[in-house]
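Computed from a predicted model, the values in this text were never measured in an experiment.
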Amino acid sequence: MECAPVRAQAWLDAHDLDFGELRLEAVVAMVERAGLRARVLPYAAGGADDEQRGDRVNLWLTRSGELGAVDAG
């Protein structure tokens, strides 16, 4: 069974509601201020790679380029 990285997932769980109306640049800055790495993935990127990193937060974009989803990995 594959698990999300503990550090990034714990941070996301604590800050999930903070992403609501924020622009992508603000979310990237927030992630980086927390000492984590932000990885922006375009709408058509498909799945994430197999290597998960405990300090990485994936920011998935919608077709229109807005922040659509956030996960650890």
Side-chain angles (χ1 to χ4, degrees):
M1 176 181 278
E2 198 170 308
C3 297
V6 175
R7 184 170 169 237
Q9 188 61 55
W11 185 84
L12 283 172
D13 290 345
H15 294 88
D16 189 39
L17 299 176
D18 294 348
F19 299 129
E21 298 297 320
L22 294 176
R23 296 178 50 95
L24 179 61
E25 297 83 11
V27 175
V28 169
M30 183 185 293
V31 168
E32 291 175 350
R33 274 194 310 272
L36 301 169
R37 296 182 324 151
R39 180 170 73 158
V40 178
L41 297 160
Y43 171 76
D49 60 21
D50 291 334
E51 181 184 358
Q52 291 188 327
R53 298 182 184 176
D55 67 343
R56 185 168 64 195
V57 175
N58 296 318
L59 307 172
W60 297 89
L61 302 180
T62 63
R63 185 182 302 256
S64 64
E66 299 296 320
L67 182 61
V70 179
D71 65 17

For residues 27-37, run the donor-acceptor check on the side chains, cut-off 3.5 Å, and write out each pair with its distance to 0.1 Å, sequence neighbours left out.
none

Residue pairs involving residues 17-29 (criterion salt bridge (charged side-chain N to carboxylate O under 4.0 Å, His left out); sequence neighbours excluded):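 Qualifying pairs: Arg23-Glu25.
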May I have the list of side-chain donor-acceptor pairs in residues 61-73 shorter than 3.5 Å, sequence neighbours left out?
{"from": "Thr62", "atom 1": "OG1", "to": "Ser64", "atom 2": "N", "distance (Å)": "3.4"}
{"from": "Thr62", "atom 1": "OG1", "to": "Ser64", "atom 2": "OG", "distance (Å)": "3.1"}
{"from": "Thr62", "atom 1": "OG1", "to": "Glu66", "atom 2": "N", "distance (Å)": "3.2"}
{"from": "Thr62", "atom 1": "OG1", "to": "Glu66", "atom 2": "O", "distance (Å)": "3.3"}
{"from": "Arg63", "atom 1": "NH2", "to": "Tyr43", "atom 2": "OH", "distance (Å)": "2.8"}
{"from": "Asp71", "atom 1": "OD1", "to": "Asn58", "atom 2": "ND2", "distance (Å)": "3.0"}
{"from": "Asp71", "atom 1": "OD1", "to": "Trp60", "atom 2": "NE1", "distance (Å)": "3.3"}
{"from": "Asp71", "atom 1": "OD2", "to": "Trp60", "atom 2": "NE1", "distance (Å)": "3.2"}

Residues clustered with Leu17, ILVMFWY side-chain links under 4.5 angstrom: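 Answer for Leu17: none, a lone residue.
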Joint cluster assignment, Val57 & Leu41, ILVMFWY side-chain distance < 4.5 Å: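 Different clusters: Val57 never reaches Leu41 through Ile, Leu, Val, Met, Phe, Trp or Tyr contacts under 4.5 Å.
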